Amino acid sequence: MTPEQLSDVVRSAVAAAVERGDLAVAVPEDVVIERPKNPEHGDYATNVALRLAKGAGRPPREVAELLATELRAVDGVAAVDVAGPGFLNITLAKDALGQIAVRVVTAGEAYGRTDVLAGQRLNLEFVSANPTGPVHIGGTRWAAVGDALGRLLSASGAEVTREYYLNDAGAQIDRFARSLQAAALDRPVPEDGYAGQYIGEIAAQVLTAEPELLARPEEEQVTVFRERGVELMVAEIRSSLAALGVEYDVFFSELSLYASGAVEKAVARLREQGHVYEADGAVWLRTTTFGDDKDRVLVKADGETTYFASDCAYYLDKRGRGFDKVVIMLGADHSGYVGRYKALVAATGDDPDTNLEILIGQLVNLLRDGEPVRMSKRAGTVVLLEDLVEAVGVDAARYALARASVDQQIDLDIELWTRRTNDNPVFYVQYAHARISSVLRGAGDLGLSLGEAGDVDPAVLEHPREGDLLRALGEFPRVIASAAELRAPHRVARYLEELAGTYHRFYDSCRVLPRGDEEATPVTTGRLWLCAATATVLRNGLAVLGVSAPERM
RNA sequence: GCCCCCGUAGCUCAGGGGAUAGAGCACUGCCCUCCGGAGGCAGGGGCGCAGGUUCGAAUCCUGCCGGGGGCACCA
């Protein structure tokens with residue numbers, strides 16, 4: 001019996017008590033089932049009696065006793081105790097707990113998938129670094145976390161489109177183009193321009209494609225450097241993201257919003273809705289109406305539109321494509337955007353609390369020899385996605401970036417990472433998988449196999465460490481679901497570390513394979529199923545994080 | 001000045017109102033005639049401060065103190 005099933009069982013018990021008139025309460029939507037830390041508190045516990053007591057007008061323990069009687073009659077429930085202020089501690093029958101292993105193996109890759117977010121159409125935008133340079137370490141964090149979040153949301157039944165917004169218009173792109181031109185002409189880096197090795201490399205590539213370029217008038221040169229340069233830069237960004245295993249459904253061009261007239265239409269629409277005014281020669285959106293600190297400029301006095309104007313058009317485009325909710329991941333250096341973006345959504349007539357979700361993640365600090373490394377894209381002193389991957393590999397890079405809460409700043413000591421030490425928990429988790437694979441290989445060598453689901457007796461899994469492992473495996477779907485709902489991929493990583501530890505403890509005290517000339521027993525078969533189930537969950541969990549589950553290391 | 005994030009073990013961090021607050025690393029002492037010792041067992045030590053809400057607060061609210069980030073007709 002899984003925790004979800006138990007939750008239904010308890011809920012039914014409440015409903016039955018209400019039906020009989022023993023309890024006068026509204027039956028709760030869902031009942032929280034916890035895994036007690038203390039083994040004396042049974043396999044599972046619920047605080048449902050504590051929650052219902054007030055509404056029922058009766059002491060919690062009395063409600064608990066009532067439900068305990070109800071639950072003891074349920075098939076698969078071995079014991080129910082009322083404890084403390086009114087907790088119900090539930091012990092499952094051995095076979096009901098052991099059945100989890102069979103369930104996991106049978107479900108395979110599907111184990112952990114739920115429909116808790118079914119029916120939601122989400123647009124998930126992440127990274128969206130300007131195509132004026134390679135993806136640096138900060139963007140890499142959002143790549144790892146955003147990709148994992150996308151997988152989590154999909155696994156929970158949401159329909160997700162992963163999107164990268166290319167800011168391929170505007171002043172920064174002009175600076176980028178002029179920087180390329182300067183490099184090609186061997187001139188110094190322009191004021192506010194970009195430096196770094198990649199500028200020279202891209203300039204050279206543009207010249208290879210357009211050998212006669214430098215013979216043309218300077219303004220034409222800039223145009224070509226802009227178009228070709230952005231194209232090359234975008235290709236490089238896409239390829240480094242792909243190298244990290246990060247996939248997108250859509251790369252969306254800001255320029256296309258201008259080409260299609262969407263920006264003008266967006267401004268016109270907001271004007272019709274009465275939120276646009278003119279002052280000091282500029283066109284403003286009255287975002288203060290919707291709680292922003294100050295109003296925002298859409299069109300500058302010089303006639304140029306701002307990024308905010310294209311943001312408006314972009315948001316409307318996403319909504320026009322049918323997404324219920326627009327989810328955007330941004331770094332802490334963009335936290336000031338939240339207010340204006342919420343206001344913009346409200347101005348279009350949408351509800352900023354349901355149609356928009358901005359996830360702010362804290363920045364990655366780089367340390368070298370304990371000293372902070374100052375990063376500047378323009379000066380070219382950055383650590384890139386490729387650098388990180390080269391230093392630690394894709395698995396460790398993704399895992400390390402995704403295992404921390406996005407609310408937490410990460411201090412990344414480069415020396416530590418390049419040294420590739422054992423304190424990276426990804427090895428701990430992967431090792432557990434490799435160890436299980438080795439056991440299963442050994443079983444094959446002995447001519448043993450899992451057989452069919454009917455060949456295993458779940459009741460033989462009665463060792464305390466087996467129970468620990470079964471309960472841990474039973475948690476997985478809830479871990480995935482809550483991580484998706486909380487937008488917290490790191491919870492999956494933490495869970496996997498806990499699961500790996502639980503497996504190692506099981507392995508240490510429960511011999512799986514027969515030794516010497518011993519015969520295989522029903523316990524052997526049961527434990528093989530338990531091993532296979534653990535491997536399945538480790539694989540499924542690592543897959544969510546985009547990390548491989550090696551069979552040998 | 002205003003807004004956002006953080007403050008939990010020596011260090012790096014988990015803990016979406018529940019029972020005795022956890023893990024890794026570090027330190028100390030143990031455990032393979034046996035499936036991968038990249039493992040396991042045991043030990044010491046912690047919720048920044050002050051109020052509030054609650055039967056119950058690391059968790060929610062307020063204030064303060066520290067650390068980081070943001071407050072452009074920049075992107």
Side-chain angles (χ1 to χ4, degrees), chain A residues 32 34 36-38 40-41 45-47 50-51 53-54 59-60 83-87 89 130 132 167 169-173 175 192 254 279-284 292-308 331-340 358 360-363 365 403-411 413 416 421-425 427-428 430-432 434-443 445-446 465 482-483 485-486 488 490-491 493-495 497-498 500-501 503-516 518 524 527 531 552-553:
Chain A
V32 177
E34 292 179 311
K37 293 173 203 119
N38 188 334
E40 287 171 18
H41 294 159
T46 176
N47 62 359
L50 287 160
R51 296 197 171 281
K54 204 167 205 170
F87 290 103
N89 292 335
N130 284 358
T132 52
N167 290 113
Q172 293 292 351
I173 292 293
R175 287 178 193 146
D192 292 330
E254 182 189 8
D280 304 327
V283 179
W284 299 71
D292 196 10
D293 297 338
K294 57 190 81 170
D295 292 337
R296 306 290 168 178
V297 172
L298 293 167
V299 185
K300 296 189 267 182
D302 63 7
E304 293 281 317
T305 50
T306 62
Y307 268 25
F308 187 57
D333 53 342
H334 285 69
S335 62
Y337 272 39
V338 177
R340 79 189 66 169
I358 298 185
I360 296 293
Q362 299 302 307
L363 302 177
N365 291 317
R403 95 181 272 269
S405 158
V406 293
D407 287 336
Q408 195 77 38
Q409 290 181 28
I410 304 180
D411 285 328
D413 191 312
L416 194 78
T421 56
N422 283 345
D423 26 2
N424 192 334
F427 292 114
Y428 185 75
Q430 289 183 316
Y431 174 68
R435 200 181 210 188
I436 296 170
S437 301
S438 173
V439 171
L440 295 176
R441 277 195 301 273
D445 294 345
L446 294 172
R465 297 292 84 75
S482 64
E485 286 171 326
L486 292 169
H490 75 280
R491 284 174 172 252
R494 302 297 175 149
Y495 164 80
E497 289 164 32
E498 186 191 318
Y503 179 79
H504 289 313
R505 281 184 285 280
F506 153 79
Y507 178 89
D508 210 56
S509 44
C510 296
R511 174 80 198 186
V512 178
L513 299 178
R515 51 185 109 187
E518 288 175 1
T524 308
R527 288 179 176 170
C531 286
R552 289 188 168 85
M553 294 177 72

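Nothing here was measured: the structure is a model prediction, and the numbers come from that model. The sequence lines fix the lettering, A, B, ..., with proteins before strands; numbering per chain opens at 1.
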Among B:G68, B:C73, B:G40, the one nearest any side-chain atom of A:Tyr428 is B:G40

From CG of A:Asp293 across to P of B:C3 the rounded distance in Å is 9 Å

B:C32 glycosidic conformation (syn if within 90° of 0, otherwise anti) is syn

For B:G36, does the base pair up with any side-chain atom of A:Ser438 as donor and acceptor (N or O, under 3.5 Å, distance only)? yes

Heavy atoms of A:Val297 and A:Thr306 approach each other most closely as O-OG1, 2.8 Å

**Message:** Can you say whether a donor on the side chain of A:Asp333 sits under 3.5 Å from an acceptor on the base of B:G69, or the other way round?
**Reply:** no

Check whether any side-chain N or O of A:Gln408 sits under 4.0 Å from OP1 or OP2 of B:A14, and answer yes or no.
yes

**OP:** Report which part of the nucleic acid A:Arg403 touches: base, sugar-phosphate, or nothing (heavy-atom distance under 4.0 Å, all strands).
**Re:** nothing

The Watson-Crick or G-U wobble partner of B:G45, with both key distances under 3.5 Å, is none

Determine the Euclidean distance between corresponding C1' atoms of B:G39 and B:A23; express it in Å to zero decimal places.
-> 16 Å

Between CG of A:Asn47 and P of B:G17 the distance, given in whole Å, is 10 Å

Margin query: Do A:Leu298 and A:Thr305 make a side-chain contact, defined as non-hydrogen atoms from C-beta onward lying under 4.5 Å apart?
Written below: no

For nucleotides B:C47 and B:C71, find the distance between their P atoms and express it as a whole number of Å.
36 Å

When A:Cys510 and A:Ile173 are each assigned the nearest nucleotide of RNA chain B, the 5'-most assignment goes to A:Cys510

Of the candidates B:C5, B:A19, B:G70, the side chain of A:Ala83 sits closest to B:A19

Regarding the side chain of A:Ser335, the nearest nucleotide among B:G39, B:G16, B:G70 is B:G70

For atom P, what is the distance between B:A9 and B:G45, given to the nearest Å? 14 Å

Any A:Ile436 side-chain heavy atom under 4.5 Å of A:Tyr507 side chain: no

Judged by nearest nucleotide, the residue sitting upstream toward the 5' end of RNA chain B, A:Pro36 or A:His334, is A:Pro36

Heavy-atom nearest pair, A:Asn38 first then A:Glu40, reads OD1-N, 2.9 Å

Per atom distances to the A:Gln172 side chain, the nearest of B:U54, B:G39, B:C74 is B:C74

Looking only at B:C5, B:G18, B:A14, the nucleotide nearest the A:Arg494 side chain is B:A14

Review point. When all nucleic acid strands are considered with a 4.0 Å heavy-atom cut-off, which category describes A:Arg340: base, sugar-phosphate, or nothing?
Key: base

Original post:
Are any of A:Arg491's side-chain N or O atoms less than 4.0 Å away from OP1 or OP2 of B:A14?
Top reply: no

In Watson-Crick or G-U wobble terms, with both distances under 3.5 Å, the base opposite B:C2 is B:G70

*Nearest-angstrom distance, C1' atom, B:G68 to B:G29*: 41 Å

Original post:
Would you say the side chain of A:Asn89 and the base of B:A19 hold a donor-acceptor pair, judged only by whether the two atoms sit under 3.5 Å apart?
Top reply: yes

ask   = What do you reckon, do A:His490 and the base of B:A14 stack, with centroid distance below 5.5 Å and planes below 30°?
value = no

query: Expressed in whole Å, how much space separates the C1' atoms belonging to B:U59 and B:G7?
result: 14 Å

Scanning both residues in full, the closest heavy-atom pair of A:Pro60 with A:Pro85 reads CB-O, 3.3 Å

Of B:C73, B:C55, B:A38, the nucleotide closest to the side chain of A:Tyr431 is B:A38

**Prompt:** For A:Ala434, which contact category applies under a 4.0 Å heavy-atom criterion: base, sugar-phosphate, or nothing?
**Reply:** base

Under 4.0 Å between a side-chain N or O of A:Tyr503 and OP1 or OP2 of B:C35?
-> no

B:C41 phosphate, OP1 or OP2, under 4.0 Å from A:Arg505 side-chain N/O: yes

Name the nucleic acid region contacted by A:Ile360, choosing base, sugar-phosphate or nothing; use a 4.0 angstrom heavy-atom cut-off, strictly under. nothing

Among the nucleotides B:G39, B:G69, B:G18, whichever has the atom closest to the side chain of A:Ala332 is B:G69

Q. Rounding to the closest angstrom, what is the interatomic distance between B:C11 and B:C49 at atom P?
A. 15 Å

- Item | A:Phe87-B:A19 aromatic stacking (under 5.5 Å, under 30°) | yes

| query | At under 4.0 Å, does any side-chain N or O of A:Lys294 touch on OP1 or OP2 of B:A72? | reply | yes

* To do: For nucleotides B:U8 and B:G66, find the distance between their C1' atoms and express it as a whole number of Å.
  => 15 Å

Which of B:C73, B:A19, B:G68 is nearest the side chain of A:Ala301? It is B:C73

Testing B:G36, B:C35, B:G70 for proximity to the side chain of A:Val512, the answer is B:C35

The nucleotide from B:U20, B:C74, B:G67 with an atom nearest the side chain of A:Asn38 is B:U20

Under a 3.5 Å limit on both distances, the Watson-Crick or wobble mate of B:C25 is B:G10

task = Determine the interatomic distance between P on B:A19 and the same-named atom on B:A58; round to the nearest Å.
result = 9 Å

Closest heavy-atom pair, A:Pro59 versus A:Ala53, reported as atoms and distance to 0.1 Å, is C-CB, 4.2 Å

Assign A:Ser509 to base, sugar-phosphate, or nothing according to its heavy-atom contacts below 4.0 angstrom with the strands shown.
nothing

A:Asp407 and A:Ile360 have their tightest heavy-atom pair at OD1-O, 4.0 Å

Ignoring backbone atoms, establish whether A:Lys37 has a side-chain N or O less than 4.0 Å from OP1 or OP2 of B:A21.
no

Inset, instruction - Check the pair A:Cys531, A:Tyr503 against side chain to side chain contact (heavy atoms under 4.5 Å, CB included), reporting the backbone distance first and the verdict last. - result: CA-CA 8 Å; A:Cys531 286; A:Tyr503 179 79; 3.5 Å; yes

Taking every heavy atom of A:Arg511 against every heavy atom of A:Arg527, the minimum-distance pair comes out as O-NH1, 2.7 Å

| message | Need one value for A:Leu298: base, sugar-phosphate or nothing, where a base atom within 4.0 Å counts as base even if backbone is also close, heavy atoms only. | response | nothing

